[in-house]
Amino acid sequence: MTIMMAITVIAELIILSRVVFLLSAVVFAVMGALGSVTNWIYSAVNESVLLNIAASGSIYHATWLRDRERLLQIKDRKVKYYVNKNECRCKIFLNGTLQVEQVVKEDSGKYMVIVYQQDGKLKAEEETMLIVQEPVPQPILISECMNKSISVKCEVKQKTKDETFIIELSQDKGKKTQKNGTRLELHTRNSGMFRCVVKNQVSQKMIEKAINCSGRLDIYLILSIAGGAIFLVIFMVLLIYCVRKKKAERLEDDDEERMMQARQGDREMVVRQLPQPPSNPTPKQLRVQQRPLPQPQQQAVPPRPRPRTQQRTPNHPRERP
């Protein structure tokens with residue numbers, strides 16, 4: 001029984017060691033695959049890109065490949081092209097650095113460099129991922145007011161389907177972000193300054209806009225309008241009251257003035273009717289009194305009509321006796 005148990009334990013250990021070996025191999029393979037890409041390089045269209053070699057020391061033999069296709073190599077300071085030089089638009093320096101001029105989007109891909117020592121042994125193997133992007137277009141900020149809320153949209157028109165952008169739409173302290181999109185929408189009740197940012201790894205563009213819609217501002221606006229209307233009504237009432245009061249006071253003053261004039265006239269009449277007390281005449285008054293008063297001119301009396309004379313009876317001739 002003891003020998004059988006020992007054999008069983010040994011077999012289990014062997015199986016476990018194989019499993020551990022396989023797992024370690026897989027882990028190292030994955031780590032090697034992940035670690036082979038040393039860096040990512042982003043470039044805008046029509047720019048020049050430099051792909052460096054991280055291995056130290058002098059370079060005797062280095063070969064550059066793009067997507068497993070050989071481009072060119074340098075060996076003992078001599079350069080050899082495997083593709084058309086004009087189509088490649090690339091060249092290599094003595095230190096092994098690869099330069100690609102006036103890059104286009106088709107230049108994107110995985111670049112690998114294999115470095116050998118002078119004795120033919122492998123010195124290094126490095127990978128670089130090159131991403132060529134178009135500059136982002138100018139974003140468009142669209143706003144719409146509805147139901148006391150604001151709907152803000154940030155849009156960008158992509159030239160090709162494979163273009164990806166990062167869109168950020170912010171207002172005050174709030175921000176909303178979307179990756180690999182061309183449109184972002186934000187709903188809020190707060191008015192203010194809105195900012196739309198569209199960017200990728202090589203460029204960035206922004207637009208800002210102040211948006212005021214109905215909402216909280218309407219309450220303040222309504223309160224201000226109502227307060228102004230109330231103030232205007234109170235002002236008009238006070239103005240009408242002051243005008244009427246002033247008119248009433250003016251009428252009272254006119255009545256008092258008329259009464260005073262009437263009283264003064266009555267007093268003057270009384271004074272005129274009272275006999276004047278005798279006073280010592282002055283010499284001038286004596287002279288005036290001594291002057292004969294002018295006699296009133298007698299008006300011509302029209303001649304009175306004469307009385308009609310009685311008709312005389314005709315004298316009859318006396319009869320002689």
Side-chain angles (χ1 to χ4, degrees), residues 34 37-52 66-67 86-90 98-111 127-228:
L34 294 176
V37 179
T38 57
N39 58 351
W40 291 65
I41 295 179
Y42 294 89
S43 175
V45 175
N46 294 327
E47 290 186 354
S48 180
V49 181
L50 293 176
L51 305 180
N52 300 317
R66 182 178 65 190
D67 297 333
N86 295 328
E87 293 179 0
C88 178
R89 291 172 283 100
C90 53
L98 177 67
Q99 181 181 14
V100 184
E101 299 177 346
Q102 297 180 352
V103 294
V104 295
K105 297 191 68 175
E106 288 74 14
D107 293 329
S108 299
K110 183 185 292 185
Y111 288 77
E127 291 183 355
T128 302
M129 182 63 70
L130 175 63
I131 306 297
V132 181
Q133 294 181 336
E134 292 278 353
V136 295
Q138 181 65 34
I140 303 172
L141 193 61
I142 304 173
S143 62
E144 183 179 1
C145 301
M146 53 183 180
N147 298 329
K148 296 184 179 180
S149 64
I150 307 173
S151 175
V152 183
K153 299 177 183 178
C154 178
E155 296 182 355
V156 61
K157 296 181 179 179
Q158 60 183 149
K159 297 179 180 179
T160 58
K161 294 182 179 180
D162 58 344
E163 285 183 308
T164 59
F165 307 109
I166 299 175
I167 302 178
E168 294 179 357
L169 184 57
S170 59
Q171 191 260 340
D172 294 337
K173 297 181 180 180
K175 183 172 67 174
K176 192 174 182 181
T177 306
Q178 181 179 356
K179 294 182 179 180
N180 302 332
T182 59
R183 179 177 178 182
L184 186 60
E185 189 171 355
L186 178 64
H187 295 275
T188 181
R189 289 181 176 272
N190 300 323
S191 300
M193 182 67 70
F194 289 82
R195 177 182 299 173
C196 175
V197 179
V198 178
K199 59 184 178 180
N200 57 13
Q201 300 295 334
V202 298
S203 62
Q204 174 177 320
K205 289 186 179 180
M206 178 187 67
I207 183 173
E208 289 183 337
K209 185 178 180 181
I211 303 174
N212 296 320
C213 287
S214 59
R216 293 183 181 178
L217 295 178
D218 276 353
I219 298 175
Y220 303 138
L221 182 61
I222 292 172
L223 290 178
S224 61
I225 294 174

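Rounding to the nearest 0.5 angstrom, the gap separating the CD1 atom in I167 from the NZ atom in K179 is 13.0 Å. Separation of atoms CG (N200) and NZ (K205) is listed at 10.5 Å; rounding is to 0.5 Å. To the nearest 0.5 angstrom, N52 atom CG is 9.5 Å from L98 atom CG.
With sequence neighbours excluded, the residues forming a side-chain hydrogen bond (donor to acceptor under 3.5 Å, both in side chains) with E155 are R183, listed by chain and number. Remark: T177 pairs with no residue by the side-chain hydrogen bond (donor to acceptor under 3.5 Å, both in side chains) rule, at least two apart or across chains. For the side-chain hydrogen bond (donor to acceptor under 3.5 Å, both in side chains) test, no residue two or more places apart in sequence or in another chain qualifies with Q204. The side-chain hydrogen bond (donor to acceptor under 3.5 Å, both in side chains) test applied to N46 returns no partner, not counting sequence neighbours. E208 meets the side chain to side chain contact (heavy atoms under 4.5 Å, CB included) test with M193, R195, M206; sequence neighbours excluded. Listed by chain and residue number, nothing satisfies the salt bridge (Lys or Arg N to Asp or Glu O under 4.0 Å) test with K175 (two or more places apart in sequence, or in another chain). Remark: V104 pairs with R89, E106, D107 by the side chain to side chain contact (heavy atoms under 4.5 Å, CB included) rule, at least two apart or across chains. Listed by chain and residue number, S143, I150, V152, F194, K209, C213 satisfy the side chain to side chain contact (heavy atoms under 4.5 Å, CB included) test with I211 (two or more places apart in sequence, or in another chain). Qualifying side chain to side chain contact (heavy atoms under 4.5 Å, CB included) partners for P137, counting only residues two or more places apart in sequence or in other chains: V156, F165.
S191 and Q171 get closest at one heavy-atom pair: O-NE2, 3.4 Å. In terms of heavy-atom proximity, S43 sits nearest to V103 at OG-CG2, 3.6 Å. The minimum heavy-atom distance between C145 and N212, with the atom names listed, is SG-O, 4.3 Å. Residue M129 comes nearest to G109 through the heavy atom pair SD-O, 3.4 Å, listed as atom of the first residue, atom of the second, then distance.
For residues 149-203, the set of pairs meeting the disulfide bond (SG atoms under 2.5 Å apart) definition, not counting sequence neighbours, comprises C154-C196. Applying the salt bridge (Lys or Arg N to Asp or Glu O under 4.0 Å) definition to pairs two or more places apart or across chains, none involves residues 130-140.
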Item to complete: Evaluate the side-chain contact (heavy atoms from CB on, under 4.5 Å) criterion for residues L169 and L141: first the C-alpha distance (whole Å), next the side-chain angles of each, then the deciding distance (0.1 Å), finally the verdict.
Response: CA-CA 9 Å; L169 184 57; L141 193 61; 3.9 Å; yes
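A salt bridge links K199 with E168; the closest basic N to acidic carboxylate O contact falls under 4.0 Å.
Of the possible donor and acceptor atoms, one in the side chain of S108 sits under 3.5 Å from a partner among the backbone N and O of V132. Although no hydrogens or angles enter the test, the distance criterion places no donor-acceptor pair under 3.5 Å between the side chain of Q201 and the main chain of Q133.
In the displayed structure, K105 atom NZ is contacted under 6.0 Å by more than 12 heavy atoms of other residues, nucleotides or ligands. Residue E47 places its CD atom among more than 12 non-hydrogen atoms of other residues, nucleotides or ligands, all under 6.0 Å distant.
Under the 4.5 Å side-chain criterion, counting only non-hydrogen atoms from C-beta, L184 is in contact with K176.
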